[in-house]
Amino acid sequence: MRIAIQDVTPETDYAEIIGWVHEIRDLGGLAFFIVRDRTGLIQVTIPKKKAPEAVVEAAKEVSRESVVRVAGTVKAIEKAPGGRELVPEELEIVSLAASPLPLDVAEKVSAEMDTRIDSRFLDVRKPRVGAIFFIRSVAVRAINEFLFSRGFINITTPKVVAAATEGGTELFPIAYFEKEAFLNQSPQLYKQMMMAAGCEKVFEIGPIFRAEEHNTVRHLNEATSLDVEVSFADHNDVMQLLEDLIIAVYRRVTEDCADQLATLGVDLTVPATPFPRISYAEAIEIANRTVPEKISFGDDLGTAAEKAIGEYIGQHYFIVDWPTAIKPYYAMPYPENPELSKAFDMMHPRMELSSGAQRIHQHDLLVEQIRAKGLSPESFEFYLKTFEYGMPPHAGWGLGVERLIMTMLNLPNIREAVLFPRDRHRLTP
RNA sequence: GCCCAGGUAGUGUAGUGGCCUAUCAUGACGGCCUGUCACGCCGUCGACACGGAUUCGAAUUCCGUCCUGGGCGCCA
């Protein structure tokens, strides 16, 4: 009966493990294998003179990264990793790995991102890389549990859509029988429609597609978005929700991923609350102190500005009260000052993580705003229709899951947070 | 889209006109080794992205192609 490597303790008498051969150190009469499974590493020690002949034969044949089944007695040995080692009575090569390997899983030599992604399955075998995706899984689970505990329901919306949903980004056109279609840039319109459907609190974690030809460490052409929409809520309500969610995720990861964080060398601290809230006007004022190119009211915040503000604030923060002109048409303008809207961005010092707003729920105002952006209300008919038959006031946000993981774990490149990144040049694996 | 930097053994690198039948590490293969833990030691193997040009001579300069990394813009 196979047991997990982490469950083999110095007190264990006998164990059978299955895993990958991480390292081989052959001293002649004595050989050491380090065997790895998802849970950890164990030293397998083969005294060639005493070991069964079949074990010695298999040990001679085995290559690094082969899958092996090892059964034998466990010895408590202080100098072995984990304080124990396995002395095999049986050693079976379950699946022999070819040689040489496309990259070094034991990380004696590094590999470039391109090489790593080409052989991502091997790359993820590295304990450090595997740790990232374990943590990502825990984070996503924490998001789900947090939102379910707050009464949300999970929805799934189409990724193949008929038209650009909000403008502002390039879409990937696809062939859909005799029609033109696109990959969805965001579930924005659909989650709002579910407010009209009376669902009140919805969320979705799913892929979004942007056909931007960017070439940066913080953009992907296929990303994962956490989208939330809440009825009878305003922008302040959903900002609080977002802040609570970030805290819940950080807390869960610090609690449940101590080993993985240690593997990554990340000393994770739960962000202090409340997150500072600065207005867009304050934000450009802060940026203008250090950024050479002057930012005027109505300009978008560039990378340099984001960086300058992030350094100044030094933690997660919100930028609120954005000019209506530079936010999407569905953001609710302040009635007393329609130049500004109830829109916000939630920032990590390194980059934007989320943006959201209270939405316009009045049909006529929405049509007006769509026109003001130079878009045609006719192409949004299916969406606008839902505003004519009892659309509740609502607010929401979207959060980039990869960016959340990247900033939480201080990863240098967003591709580190995706198993199989889609960027400007990569379509496989 | 604009701009910058690159492409050298399986992997990561050194090498900016002759000293290069190309450095080092890791790896693979063979040998020695019973306590390694980046095991050690000896030996062997393995590469200048592709095409063209300049030159007595090109990994090195130039042009083109393909590929990659990154900055900005746009965007989450």
Side-chain angles (χ1 to χ4, degrees), chain A residues 22-34 41-51 56 60 63-65 75 77-83 85 87 97-119 122-123 126 166-171 185-188 207-227 293 299-307 326-328 345-348 350-356 397-407 412-415 417 423-426:
Chain A
H22 192 67
E23 284 180 58
I24 299 172
R25 283 194 280 274
D26 189 344
L27 274 57
L30 187 66
F32 300 102
F33 290 5
I34 307 298
L41 300 166
I42 190 168
Q43 176 165 289
V44 173
T45 302
I46 302 159
K48 290 187 190 164
K49 284 187 183 139
K50 293 184 216 156
V56 177
K60 212 186 292 175
S63 57
R64 290 160 82 228
E65 294 305 319
K75 288 194 174 141
I77 296 232
E78 258 184 51
K79 52 193 165 188
E85 67 182 13
V87 181
S99 179
L101 298 162
L103 54 81
D104 178 16
V105 177
E107 291 196 87
K108 284 179 190 172
V109 290
S110 57
E112 289 195 342
M113 184 64 72
D114 189 47
T115 306
R116 292 173 51 201
I117 302 297
D118 278 344
S119 299
L122 275 175
D123 188 52
K126 296 176 187 167
E166 26 183 319
T169 190
E170 292 295 315
L171 300 183
Q185 72 181 89
S186 124
Q188 180 65 29
I208 56 170
F209 304 89
R210 309 280 165 100
E212 300 289 343
E213 297 191 11
H214 33 221
N215 204 227
T216 79
V217 294
R218 60 189 184 285
H219 289 96
L220 294 163
N221 292 293
E222 178 177 7
T224 310
S225 179
L226 163 61
D227 274 89
E293 308 79 45
D299 291 345
D300 223 321
L301 265 30
T303 310
E306 269 187 18
K307 216 179 142 199
I326 56 171
K327 280 291 173 183
D345 281 2
M346 198 275 282
M347 315 290 295
H348 178 277
R350 285 176 71 190
M351 71 189 78
E352 178 182 342
L353 295 185
S354 169
S355 66
W397 41 259
L399 169 101
V401 172
E402 285 83 13
R403 287 189 172 188
L404 175 66
I405 302 301
M406 175 189 186
T407 53
N413 190 319
I414 197 164
R415 293 168 182 83
D423 60 33
R424 177 67 186 84
H425 300 291
R426 186 176 283 279

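To find a chain, count down the sequence lines: A is the first, B the second, and so on, and within it residues start at 1. What you see below is based on every heavy atom in this structure, not just the backbone, and it leaves out hydrogens, waters and symmetry mates.
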Close side-chain approach of [X] to [Y], heavy-atom, < 4.5 Å:
X      : Y      : answer
A:S354 : A:L404 : no
A:P47  : A:V87  : yes
A:K307 : A:R350 : no
A:P81  : A:L41  : no

Integer-rounded Å distance: [N] [atom2] and [X] [atom1]:
X      : N     : atom1 : atom2 : result
A:K307 : B:G71 : NZ    : C1'   : 11 Å
A:E222 : B:C75 : CD    : C1'   : 16 Å
A:H425 : B:C66 : NE2   : P     : 12 Å
A:E306 : B:G71 : CD    : C1'   : 15 Å
A:E65  : B:U26 : CD    : P     : 18 Å
A:R218 : B:G70 : CZ    : P     : 11 Å
A:D123 : B:G12 : CG    : C1'   : 14 Å
A:R424 : B:G71 : CZ    : P     : 16 Å

Under 4.0 Å from OP1 or OP2 of [N]: is there any side-chain N or O of [X] that close?
X      : N     : value
A:K108 : B:G27 : yes
A:T303 : B:G73 : yes
A:H214 : B:C74 : no

If we take the [atom1] atom in both [N] and [M], what is their distance in whole Å?
N     : M     : atom1 : answer
B:A53 : B:G30 : C1'   : 46 Å
B:G10 : B:C45 : C1'   : 12 Å
B:U21 : B:G57 : P     : 16 Å
B:C48 : B:U34 : P     : 40 Å
B:C56 : B:G70 : P     : 42 Å
B:C24 : B:U61 : C1'   : 27 Å
B:G40 : B:A58 : C1'   : 41 Å

Query raised in the report: Along nucleotides 3-11 of chain B, 5' to 3', which nucleotides get a B, which get an S, and which get a -, given that the test is a protein heavy-atom distance under 4.0 Å?
Result: -------SB
Using a heavy-atom cut-off of under 4.0 Å over every strand shown, decide if [X] touches base, sugar-phosphate, or nothing.
X      : answer
A:E23  : sugar-phosphate
A:S354 : nothing
A:R415 : sugar-phosphate

Requested in this report: For A:N413 and for A:G398, find the nucleotide of RNA chain B with the closest heavy atom, then tell me which residue's nucleotide is more 5'.
Outcome: A:N413
Query raised in the report: How do A:V217 and A:I414 order along RNA chain B: which one's closest nucleotide is nearer the 5' end?
Result: A:V217
Query raised in the report: Should A:R218 and A:T303 be marked as a side chain to side chain contact (heavy atoms under 4.5 Å, CB included) after you check the CA-CA gap, both sets of side-chain angles, and the distance that decides it?
Result: CA-CA 11 Å; A:R218 60 189 184 285; A:T303 310; 3.2 Å; yes
When both hydrogen-bonding distances must be under 3.5 Å and the geometry is Watson-Crick or G-U wobble, what is [N] paired with, if anything?
N     : result
B:U26 : B:G10
B:G64 : B:C50
B:G40 : B:C32
B:G17 : none
B:G57 : none
B:C2  : B:G71

Report task. Kindly determine whether A:D118 and A:R426 satisfy salt bridge (charged side-chain N to carboxylate O under 4.0 Å, His left out), including the steps that lead there. Result -> CA-CA 10 Å; A:D118 278 344; A:R426 186 176 283 279; 3.0 Å; yes
Report task. Show your reasoning for whether side chain to side chain contact (heavy atoms under 4.5 Å, CB included) applies to A:I24 and A:R64. Result -> CA-CA 7 Å; A:I24 299 172; A:R64 290 160 82 228; 4.1 Å; yes
**Report entry** Verdict with reasoning, A:E212 to A:H219, per side chain to side chain contact (heavy atoms under 4.5 Å, CB included)
**Finding:** CA-CA 9 Å; A:E212 300 289 343; A:H219 289 96; over 6 Å; no
Query raised in the report: Of the candidate nucleotides B:G73, B:G69, B:A28, which contains the atom at the shortest distance from the side chain of A:S99?
Result: B:A28
Query raised in the report: In terms of side-chain heavy atoms of A:D114, which of B:C72, B:A38, B:U68 is nearest?
Result: B:U68
Query raised in the report: Taking only residues two or more places apart in sequence, or in another chain, which ones meet A:E107 in a side-chain hydrogen bond (donor to acceptor under 3.5 Å, both in side chains)?
Result: A:R128
Query raised in the report: Roughly how far, to the nearest 0.5 Å, is CG of A:D345 from CE of A:M351?
Result: 13.5 Å
Query raised in the report: Which distance, rounded to the nearest 0.5 Å, do you find between the NZ of A:K108 and the CD of A:E23?
Result: 5.0 Å
Report task. Only one of A:T45, A:I42, A:V44 passes side chain to side chain contact (heavy atoms under 4.5 Å, CB included) with A:E85; say which it is. Result -> A:T45
List every contact pair, protein side and nucleotides 32-36 of chain B side both N or O, where the distance is under 3.5 Å.
from: B:C33; atom 1: N1; to: A:L27; atom 2: O; distance (Å): 3.1
from: B:C33; atom 1: O2; to: A:L27; atom 2: O; distance (Å): 3.0
from: B:C33; atom 1: N3; to: A:L27; atom 2: O; distance (Å): 3.0
from: B:C33; atom 1: N3; to: A:G28; atom 2: N; distance (Å): 3.3
from: B:C33; atom 1: N4; to: A:G28; atom 2: N; distance (Å): 3.4
from: B:U34; atom 1: OP2; to: A:G29; atom 2: N; distance (Å): 2.9
from: B:G35; atom 1: O2'; to: A:K79; atom 2: NZ; distance (Å): 3.0
from: B:G35; atom 1: N1; to: A:E85; atom 2: OE1; distance (Å): 3.2
from: B:G35; atom 1: N1; to: A:E85; atom 2: OE2; distance (Å): 3.0
from: B:G35; atom 1: N2; to: A:Q43; atom 2: NE2; distance (Å): 3.3
from: B:G35; atom 1: N2; to: A:E85; atom 2: OE1; distance (Å): 2.5
from: B:U36; atom 1: O2'; to: A:R25; atom 2: NE; distance (Å): 3.4
from: B:U36; atom 1: O2; to: A:R25; atom 2: NE; distance (Å): 3.1
from: B:U36; atom 1: N3; to: A:Q43; atom 2: OE1; distance (Å): 2.7
from: B:U36; atom 1: N3; to: A:Q43; atom 2: NE2; distance (Å): 3.4
from: B:U36; atom 1: O4; to: A:Q43; atom 2: OE1; distance (Å): 3.3
from: B:U36; atom 1: O4; to: A:Q43; atom 2: NE2; distance (Å): 2.9

Under-3.5 Å N/O pairs linking protein and nucleotides 44-47 of chain B:
none

Query raised in the report: Does any pair with a residue in residues 41-50 of chain A pass salt bridge (charged side-chain N to carboxylate O under 4.0 Å, His left out), and if so which ones, sequence neighbours excluded?
Result: A:D26-A:K48
Requested in this report: Just jot down the side-chain contact (heavy atoms from CB on, under 4.5 Å) partners of A:T224, sequence neighbours excluded, or say none.
Outcome: A:R136, A:I205, A:V401, A:E402
